[in-house]
Amino acid sequence: MLKHLTLSSILILFFSSVMAQEFAPLKDEVAFRKLFAEKSQEFNTLKSDFVQEKSIYLLENHIISNGSFQYKRDGKLRMEYFKPYSYLFVLNNDKVMIKNNQKQTNINANSNKLFKLISQITVDCINGNILNSKQFKTSILENSSSYRITLIPKLKELNSLLSEIVILISKKDYTVETIEMKEVSNDFTLMTFSNKEINKPINDEVFSVR
Amino acid sequence: MRFFLYVSVILLSCLSSQNCNSQSLTVEQMNRVPHTSDSTKMYSANFTVLKYHFTGLIYFIKQNDSTVRAIMTSEMGPKILDLNLMPQKYNVNFAIRQMKRKVVLNTLYYDLGVASGLFTSKSPIVESKDSVSVARYRLSKKKELIFSLNTIPTEASVAYIYEKKKEVVKVEFFYIPNSNNIDSVSISHQTIRMNIELKKVKL
């Protein structure tokens, strides 16, 4: 009898925890959009660490890399990868600076749609513009701890690169928890953000592009 | 620099006259030539393709004895290029619009074929003179890869792709100090605005 009760309790606990993680349609999408836009406006700076997991179906193991992320209103972004390779990406409005293999390259984000797309998605996730983007069809779900925003590219050029982008937003502070970019081939890149610091001063020099 | 000049002189003399002795490469020299391997090779990459510049990660994955898959992704996510490289041909699985041009893809095929070791996994015709050996690999009817290798270890080796006996591509291989393992590859073209720089990433 005791054995049956224990088993039932374990099962109930298991299923209730699974249910808690399941995503369901938003009860009030209009209210969420308004609140998300308002909360996003409160972010002047955002600093965090990130872990990136890259899956290529031909590779047995995922490629795990990590780095730091810094954002400053308006349109300033710095992403630095430390392991297993060093790579620096700085976006300052339309200007992009890339440093890899000890080589620095400055480009105009508008001249490279791929750079523009990825950096724009990241910046738009933080400043709240992502829900207003005309480049994607958007759907929003929620569970007890997060909002799940799915973006499906409308434009042909984006379609060929990505099948969908899934963004998890924390209900606690409305910051991005993860960004997952899924490709048509089922390969994906998942970025998970941690150790977030909101509105702590960041020197403009960090985003200098020259 | 002196070494490269010396190698160029030997290359020219070997190309113009056939006085060099036919030999085979030493084990030491063989190890300095790229070869395909069962383990995936990953490089951090800088590509200049016409007016575009790309950075990313490139993976060389051996699929079977005659096929290497070359996949390039941006550091932050999406795939840029995905080619099946074979000794006489290639297939395009994916290429972003800026690379989807025949002249670009044809050039990338030879460049990545050399960098991945696809073209140098077969036995070359070897000609040696003094302390330098020249290994010749036929890439196509018109193209030939000529690899010069010193008998004593050096920091770098240089190879050229010749088309109709005219030098069109310079490929430099740089090694990890005190080893024969390739650390980086630099590919520069003389006739098209294309340059590739690869730096090995330890998986």
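For the numbers below, each heavy atom of this structure counts, side chains included, while hydrogens, waters and symmetry mates do not.
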K.L.:
Counting heavy-atom pairs closer than 4.5 Å to chain A, which one of Thr40(B), Asn46(B), Leu198(B), Ile61(B) comes out on top?
P.N.:
Asn46(B)

K.L.:
Is chain A contacted by the side chain of Glu197(B), its backbone, both, or neither, given a heavy-atom distance below 4.5 Å?
P.N.:
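Glu197(B) touches chain A through backbone and side-chain heavy atoms alike.
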
K.L.:
With ring centroids as reference points, do Phe147(B) and Phe173(B) lie under 6.0 angstrom apart?
P.N.:
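Yes; Phe173(B) has its ring centre under 6.0 Å from that of Phe147(B).
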
K.L.:
Looking at Asn61(A), Ile63(A), Leu162(A), which has the largest count of heavy-atom pairs under 4.5 Å with chain B?
P.N.:
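Most pairs with chain B among the choices: Ile63(A).
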
K.L.:
Name the region of Ser86(A), side chain, backbone, both or neither, that has any atom closer than 4.5 Å to a heavy atom of chain B.
P.N.:
neither

K.L.:
Less than 4.5 Å to any heavy atom of chain A: does that hold for the side chain of Ser44(B), its backbone, both, or neither?
P.N.:
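Both backbone and side chain of Ser44(B) come within 4.5 Å of chain A.
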
K.L.:
Do any N or O atoms from the side chain of Asn91(B) and from the backbone of Asn84(B) form a donor-acceptor pair under 3.5 angstrom?
P.N.:
no

K.L.:
Check whether Ser184(B) gets within reach of chain A through its side chain, its backbone, both or neither, counting any heavy atom under 4.5 Å.
P.N.:
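For Ser184(B), neither part sits under 4.5 Å from chain A.
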
K.L.:
Non-hydrogen atoms of chain B under 4.5 Å away: do they reach the side chain of Ile64(A), the backbone, both or neither?
P.N.:
neither

K.L.:
Run the ring-centre check on His35(B) versus Phe119(B) and record whether the distance is less than 6.0 Å.
P.N.:
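No, the ring centres sit 6.0 Å or more apart.
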
K.L.:
Heavy-atom cut-off 4.5 Å, strictly under: side chain, backbone, both or neither for Asn100(A) against chain B?
P.N.:
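Both parts, backbone and side chain.
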
K.L.:
With ring pair (Phe, Tyr, Trp, His ring centres under 6.0 Å) as the test, pick out the partner of Tyr81(A) among Phe89(A), Phe69(A), Tyr87(A).
P.N.:
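Going through the options one by one, the only one that passes is Tyr87(A).
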
K.L.:
Within this structure, what is the CE-CG distance for the pair Met99(B) and Leu81(B), rounded to the nearest 0.5 Å?
P.N.:
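Atom-to-atom, Met99(B):CE and Leu81(B):CG are 5.5 Å apart.
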
K.L.:
Charged N to carboxylate O below 4.0 Å: is that the case for Glu163(B) and Lys142(B)?
P.N.:
no

